[in-house]
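What follows is a short report on a single structure.
Chain letters run A, B, ... following the sequence lines, proteins first, then strands; residues in each count from 1.
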There are 2 protein chains.
Amino acid sequence: MYTMKECTVYKTIDMIGKKWTLLILLELYKGQEKYKRFNEIKNGLQDITPKVLSGRLKEMEKIELVQKNVDSSFVPIKSEYALTKKGEELLCVVQEMKRWGLKWKMGNKECGLTTCKECVL
Amino acid sequence: MYTMKECTVYKTIDMIGKKWTLLILLELYKGQEKYKRFNEIKNGLQDITPKVLSGRLKEMEKIELVQKNVDSSFVPIKSEYALTKKGEELLCVVQEMKRWGLKWKMGNKECGLTTCKECVL
DNA sequence: CAGGATCCAAAAGGATACTG
DNA sequence: CAGTATCCTTTTGGATCCTG
């Protein structure tokens, strides 16, 4: 029998609907550099605590939205995060959200679909 | 200064990212009838409790995703819910989610982009 | 620098029972 | 039928401090 838990939409929402997840995705997409450091991400998302960020990044790594590289040959350790292809493609969803949000006027005025410095999308 | 809370994407996620919200939206979209009764929706979403459904519907009414009609001239009272234009247009977002979810194989196999009996989208 | 450990507060959701 | 009320468990998130 069919259960809700098998539904594609249900599962997708479950995966990306949590607070911060999509914002981290956006943060990783910003700028020209593919890789970002832990603290870079944290600073971009001013209100996030290290614990939450660390938790989200792990989840995202697990479901392969994010790819992590660690270079422990140095002290301090250097970690970098980047979007995977799967993660990058999720941006389409975010883009639809933004389009909808803008149409129904729920954002700030400066946040134009193609020019917003903050969201980049 | 710019704060996260003004971001269109942030606000949109905040609004629709909660559990059940998008599923209720889908449920209202199903079938040929524009209006659905409380228990119809509840039965379509087998695991939802009346408390949660009632809460979500109120939120959705408030942000104008859903429109409600009440006919209290009868006993028992008759209430009906339907999508607004704003709510209907949110389905684009859901559709993107589904497309993405299917591409990355997170749904059931029967859930085809155009033929899924459950999701209708 | 990149987190992990702790502790705590708040929010969300589930179960169940009840009512105009 | 269409919810509300209550109670309780689980999940989240924030604050703070600590460390290899």
TODO: Work out how much the helix from dC1(C)-dG20(D) to dG20(C)-dC1(D) bends between its end axes, five pairs an end, to the nearest 10 degrees.
DONE: 50°

Task: Flag side-chain contact, heavy atom, 4.5 Å: Leu25(A) against Leu90(A) - done: yes

Open item on the list: Within the 4.5 Å heavy-atom criterion, are Lys86(A) and Trp100(B) side-chain neighbours or not?
Closed with: yes

Any side-chain N or O of [X] less than 4.0 Å from the OP1 or OP2 oxygen of [N]?
{"X": "Lys18(B)", "N": "dG13(C)", "value": "no"}
{"X": "Arg37(B)", "N": "dA2(D)", "value": "yes"}
{"X": "Lys19(A)", "N": "dG14(D)", "value": "yes"}

Between [X] and [Y] (salt bridge meaning N to carboxylate O under 4.0 Å), is one present in this structure?
{"X": "Glu27(A)", "Y": "Lys30(A)", "value": "yes"}
{"X": "Lys68(B)", "Y": "Glu80(B)", "value": "no"}
{"X": "Lys58(B)", "Y": "Glu61(B)", "value": "no"}

Open item on the list: Between Leu22(B) and Met97(B), does the side-chain contact (heavy atoms from CB on, under 4.5 Å) criterion hold? Intermediate values first, please.
Closed with: CA-CA 11 Å; Leu22(B) 254 17; Met97(B) 281 188 186; 3.9 Å; yes

Task: Tyr35(A) with Met60(A), same ILVMFWY side-chain cluster at under 4.5 Å - done: no

Task: Residues within residues 47-54 of chain A bordering DNA chain C, heavy-atom distance below 4.0 Å - done: Pro50(A), Lys51(A), Ser54(A)

TODO: Under the side-chain contact (heavy atoms from CB on, under 4.5 Å) rule, what do Phe38(A) and Leu57(A) come out as? Steps first, then yes or no, please.
DONE: CA-CA 9 Å; Phe38(A) 187 86; Leu57(A) 282 171; 4.0 Å; yes

Using whole Å, what does the distance between atom [atom2] of nucleotide [N] and atom [atom1] of [X] come to?
{"X": "Asn39(A)", "N": "dG3(C)", "atom1": "CG", "atom2": "P", "result": "9 Å"}
{"X": "Glu40(B)", "N": "dA2(D)", "atom1": "CD", "atom2": "P", "result": "8 Å"}
{"X": "Tyr35(B)", "N": "dC1(D)", "atom1": "OH", "atom2": "C1'", "result": "19 Å"}
{"X": "Lys42(B)", "N": "dC1(D)", "atom1": "NZ", "atom2": "P", "result": "10 Å"}
{"X": "Ile13(A)", "N": "dG13(C)", "atom1": "CD1", "atom2": "P", "result": "12 Å"}

Open item on the list: I need the Ile16(A) CD1 to Ile24(A) CD1 distance, nearest 0.5 Å.
Closed with: 13.0 Å

Task: Selection: residues 69-82 of chain A, any non-hydrogen atom under 4.0 Å of DNA chain D - done: none

Open item on the list: Please give me every residue in residues 56-65 of chain B whose heavy atoms get under 4.0 Å of an atom in DNA chain D, ordered by residue number.
Closed with: Lys58(B)

TODO: Answer yes if the side chains of Trp104(A) and Glu64(B) hold a donor-acceptor pair under 3.5 Å, and no otherwise.
DONE: no

Task: salt bridge (Lys or Arg N to Asp or Glu O under 4.0 Å): pairs with one or both residues in residues 13-24 of chain B, sequence neighbours excluded - done: Lys18(B)-Glu59(B)

Task: Side-chain donor or acceptor of Thr84(A) paired with backbone N/O of Leu65(A) under 3.5 Å - done: yes

TODO: With sequence neighbours left out, write down each residue that passes salt bridge (Lys or Arg N to Asp or Glu O under 4.0 Å) with Glu33(B), or none if nothing qualifies.
DONE: none

Open item on the list: Can you tell me which nucleotide in dA2(D), dC1(C), dG13(D) comes closest to the side chain of Trp20(A)?
Closed with: dG13(D)

TODO: Please name the residue in the list Leu91(A), Ile41(A), Leu23(A) that meets the side-chain contact (heavy atoms from CB on, under 4.5 Å) test with Leu28(A).
DONE: Ile41(A)

